[in-house]
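Residue numbers count from 1 along this sequence. Predicted model only: the values in this text are computed from it and were never measured.
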Amino acid sequence: MSPPETDTTTIRTNTEATAYIAALDVGTTSVRCFILDEKCAVKGSSTDAVELLNPQPGFFEIEPECLWRKVVKVIKEAIRDAKLLPSEITCLTISTQRCTFLTWNHKTNEYYHNFITWKDLRADDLVEQWNSGCMKRTMNGFFYGLYLATRNSRFLAGSMLKLMNGQVTPRLLYEIAHNRRLQQAIRENTVRLELLDSWLLYKLRSGGHAAQQTENIEHITDITSSTATGLFDPFTLSWSNMISWMFGIDLNILPRVVDNGYNGFGHVNPIAFGQDWAHTRIPIASSCSDQTAAIWGSHCFRSNDVKVTMGTGAFLNLVTGSQCHASISGMYPLVAWQLNDKHKFNQQNAIYCIEGASHDFGTVITWAQSCELFSHPKETSAIAKSVADTNDVYFIPAFSGLGPPVNDYRAASGFIGMTPSTTKAHLVRALLESIVFRVVQLIDAAEKETNQKLHLIKVDGGVSRNDFVCQFLADLSQLKVERAQNAESSIMGATFMAGINHGIWHDFDDLKRFRQVECVFQPQSKHYDTLFARMAKWSEAIGRFSDWY
């Protein structure tokens, strides 16, 4: 619900020159803007729902101009809710969902298709055909040979290369093959590709207008938004010439990659925001992906720090420092962040992480609610605790297949082991246990990949507010699970990065006071043997649902 109109007489004048940061977060389900001061206290906020379109099965899209109107709306309403003038905002920062993209003619505002989101499955057949084809096997074998000869981890990464639906590459190839308007635009050299962050940066700087009067606006994307696209080589920190050659994708249509504190992000153009924004110049201090924002929001600044975001999907990110780690289990080597010459950071080279994802976390909860297993997600913790176990019922959360380390994208979802004595409570507990089993799989894979023993998992996201899930995760992983008071890790992380870039804070030590831990779930070893056996049986159940489609 929109906040009420504010009487202009109640707007406070900023006589003490307090810094205010506007943090814009554009996710899969919502567009949000929070106004935070230099003590990271929230002064105002606004939220609106993302209208996710489903024009046919497996297609998930967002209409871009509708999204832009929502972005303008939440920024204006958040500032009004904070009882501030636009001129009092020190800087703006953005965090965005990754791998959601569109193609367009930015000079005429002609879109060749809607935003195609990271959840979209339109290229599923193409992915399956390519991953089972001779070219992939030949390429993987070639790179593995190079790895054996050189022991260069970059070649090991190449030996595991495959297409995945969540990457931009296959969905872009699908559109090029099926979209006649896009084909014509490519021939006429009038097309460019936008990731969500690069499009937002353009729209904010142009005021939403076509580029006829704004030719000087750079076509740029931040490095953490480009890194997961499948088109980016984290070892060279650039778009991949090899991917371009293999799939015939012209790299000239892609935005230039910049670091997260790039000095040329520019200012918000006030044209789209109304008369009270006249002559306002709010600098854009940073841009980062939602997962990088969550890494910063969780204070995972050191090598071997790990966070698990439990939202629409679950994303485990383990920071590996200045080394890009080549994965063999299906986890991604990604750029965690890059800040060039920012105060004490001096990170000319990127800071890396490895990432593993389970795309059906919040999706499972939403589906179960639609099936009336419970009325509200907040009830699920108590429901699961109301029974001692699942009565030997197991659930496989594979609406989008099973990612690393299982890597079976043709797996099916379903319950197994139900009997006449099975109750709703058993089903709900089986659902919650299954999503924890997936996280533990990711934790085990991360430890094996890095030869490190983890000691603490920092969790964030909506599902992390579920006490049963957090305690079950601690008991099964035998790791401490830490949950912060503030659940808005993406908002906080984007704010931290903007504050560092804009000189409000100077280093990680300045940020420590802003993270307040709500609860640490301690592992209970007395339950481990029982839970380990339960997970082993769940792993057997995966075999019953594997390679289904």
Side-chain angles (χ1 to χ4, degrees), residues 24-31 50-56 58-72 94-123 126 165-211 214 217-222 224-232 239 243 247 249-257 272 287 289-290:
L24 174 68
D25 177 62
V26 182
T28 308
T29 58
S30 65
V31 183
V50 171
E51 295 180 22
L52 196 62
L53 307 177
N54 185 214
Q56 56 182 288
F59 285 49
F60 296 97
E61 303 177 354
I62 301 170
E63 200 282 313
E65 288 303 314
C66 176
L67 181 63
W68 170 242
R69 289 190 293 271
K70 290 176 181 289
V71 167
V72 172
I94 65 174
S95 69
T96 58
Q97 57 178 286
R98 302 174 310 186
C99 295
T100 291
F101 76 98
L102 59 75
T103 57
W104 71 333
N105 182 332
H106 71 291
K107 295 181 180 180
T108 64
N109 259 13
E110 178 185 4
Y111 294 102
Y112 302 117
H113 53 82
N114 288 331
F115 272 113
I116 301 173
T117 74
W118 62 273
K119 291 172 65 67
D120 192 276
L121 299 173
R122 70 188 63 196
L126 185 155
N165 277 307
Q167 298 168 336
V168 169
T169 311
R171 289 172 286 136
L172 175 59
L173 292 173
Y174 179 95
E175 283 302 306
I176 292 174
H178 294 87
N179 189 322
R180 291 185 180 180
R181 287 199 303 139
L182 177 56
Q183 293 167 3
Q184 180 68 20
I186 290 173
R187 288 192 292 268
E188 295 174 353
N189 197 30
T190 60
V191 64
R192 75 183 197 185
L193 180 142
E194 302 283 10
L195 302 175
L196 185 51
D197 79 300
S198 67
W199 178 80
L200 269 177
L201 287 168
Y202 172 79
K203 296 287 276 187
L204 287 166
R205 290 173 296 165
S206 70
H209 287 225
T214 52
I217 295 178
E218 287 186 291
H219 186 206
I220 53 176
T221 180
D222 83 78
T224 63
S225 293
S226 62
T227 187
T229 59
L231 296 164
F232 188 82
W239 298 118
I243 297 296
F247 296 111
I249 296 173
D250 182 3
L251 296 183
N252 290 320
I253 71 173
L254 303 179
R256 183 168 70 88
V257 179
S287 173
S289 73
D290 52 0

Original post:
Ignoring hydrogens and geometry, is there a side-chain-to-backbone donor-acceptor pair from Arg171 to Gly166 under 3.5 Å?
Top reply: yes

Original post:
At what distance, to the nearest 0.5 angstrom, does CG of Leu196 lie from OG1 of Thr117?
Top reply: 10.5 Å

Subject >> Closest contact, heavy atoms only, Thr221 versus Ser198 >> reply: CB-CB, 4.1 Å

**OP:** Under the side chain to side chain contact (heavy atoms under 4.5 Å, CB included) rule, what do Tyr174 and Asn179 come out as? Steps first, then yes or no, please.
**Re:** CA-CA 8 Å; Tyr174 179 95; Asn179 189 322; over 6 Å; no

Original post:
In chain order, what residues pass the ring-ring contact (aromatic ring centres under 6.0 Å, His included) check against Phe60, with sequence neighbours excluded?
Top reply: none

Original post:
Is there a side-chain contact between Ile249 and Leu173 (heavy atoms, below 4.5 Å)?
Top reply: yes

Original post:
Atom NE2 in His106, atom OG1 in Thr190: separation rounded to 0.5 Å?
Top reply: 10.5 Å

Original post:
Hey, is the main chain of Pro64 close enough, under 3.5 Å, to the side chain of Trp199 for a donor-acceptor pair?
Top reply: no

**OP:** With rounding to the nearest 0.5 Å, note down the distance linking CZ in Phe115 to SG in Cys66.
**Re:** 11.5 Å

Subject >> Between Asp290 and Ser95: side-chain donor-acceptor atoms closer than 3.5 Å >> reply: no

Subject >> Trp104/Glu194 under side chain to side chain contact (heavy atoms under 4.5 Å, CB included): CA gap, chis, key distance, verdict >> reply: CA-CA 8 Å; Trp104 71 333; Glu194 302 283 10; 2.9 Å; yes

Original post:
Heavy atoms, side chains only, cut-off 4.5 Å: are Arg122 and Ile116 in contact?
Top reply: yes

Original post:
Taking atom CZ of Arg192 and atom CD1 of Ile253, what is their separation to the nearest 0.5 Å?
Top reply: 11.0 Å

**OP:** Taking the side chain as every heavy atom from C-beta outward, state whether Cys99 and Gln167 have any pair of such atoms under 4.5 Å apart.
**Re:** no

Original post:
If you count the non-hydrogen atoms of other residues, nucleotides and ligands that lie under 6.0 Å from CD in Glu51, is the total more than 12?
Top reply: no

Original post:
Nearest heavy-atom pair of Trp239 and Pro255: which atoms, and what distance?
Top reply: NE1-O, 2.8 Å

Original post:
Between the side chain of Thr227 and the main-chain N/O of Thr224, is any donor-acceptor distance below 3.5 Å?
Top reply: no

Original post:
side chain to side chain donor-acceptor pair (under 3.5 Å) between Thr96 and Asp197: does it pass, once the steps are laid out?
Top reply: CA-CA 6 Å; Thr96 58; Asp197 79 300; 5.0 Å; no

Original post:
Just wondering, do Val31 and Val50 contact through their side chains at under 4.5 Å, heavy atoms?
Top reply: yes

Original post:
With a 6.0 Å cut-off on ring centres, are His113 and Phe101 close enough?
Top reply: yes

Original post:
So which heavy atom on Val71 is nearest to which on Leu24, and how close?
Top reply: CG1-CD2, 3.8 Å

**OP:** Could you walk me through whether Lys203 and Glu65 pass the salt bridge (Lys or Arg N to Asp or Glu O under 4.0 Å) test, one step at a time?
**Re:** CA-CA 10 Å; Lys203 296 287 276 187; Glu65 288 303 314; 2.8 Å; yes

Subject >> Atom pair CH2 (Trp118) and OG1 (Thr28), whose distance is rounded to the nearest 0.5 Å >> reply: 5.0 Å

**OP:** Quick one: list whatever passes salt bridge (Lys or Arg N to Asp or Glu O under 4.0 Å) with Lys119, sequence neighbours left out.
**Re:** none

Subject >> Least distance between heavy atoms, Ala123 atom then Pro170 atom >> reply: CB-O, 3.4 Å

Original post:
What's the shortest heavy-atom distance between Asn109 and Gly208, and which atoms?
Top reply: ND2-O, 3.8 Å

**OP:** Please answer whether the main-chain N or O of Ser226 pairs with a side-chain N or O of Thr229 as donor and acceptor at a distance below 3.5 Å.
**Re:** yes

Original post:
Residues in ring-ring contact (aromatic ring centres under 6.0 Å, His included) with His219, at least two apart?
Top reply: none

Subject >> Flag side-chain contact, heavy atom, 4.5 Å: Ile217 against Tyr202 >> reply: yes

Subject >> Beyond-backbone contact of Ile62 with Gln97, side-chain heavy atoms, under 4.5 angstrom >> reply: yes

Original post:
Can a donor-acceptor pair be found between the side chains of Glu110 and Asn105 at a distance below 3.5 Å?
Top reply: no

Original post:
Tell me, do Asn189 and Asn252 make a side-chain contact under 4.5 Å, heavy atoms counted?
Top reply: no

Subject >> Derivation of the side chain to side chain contact (heavy atoms under 4.5 Å, CB included) call for Thr100 and Asp120 >> reply: CA-CA 9 Å; Thr100 291; Asp120 192 276; over 6 Å; no

Original post:
Step by step, would you call Ile94 with Asp25 a side chain to side chain contact (heavy atoms under 4.5 Å, CB included)?
Top reply: CA-CA 6 Å; Ile94 65 174; Asp25 177 62; over 6 Å; no

**OP:** Enter the distance from Thr103:OG1 to Leu182:CG here, rounded to the nearest 0.5 Å.
**Re:** 4.5 Å

Subject >> Any side-chain heavy-atom pair of Ile220 and Leu201 under 4.5 Å >> reply: yes

Subject >> Test item: Gln183 side-chain N/O and Ile176 main-chain N/O as donor-acceptor pair under 3.5 Å >> reply: yes

**OP:** Ignoring hydrogens and angles, tell me if any N or O in the side chain of Asn54 forms a donor-acceptor pair with the backbone of Phe59 under 3.5 Å.
**Re:** yes

**OP:** Answer yes or no: are there more than 12 heavy-atom neighbours, outside Arg187 itself, under 6.0 Å from its atom CZ?
**Re:** yes

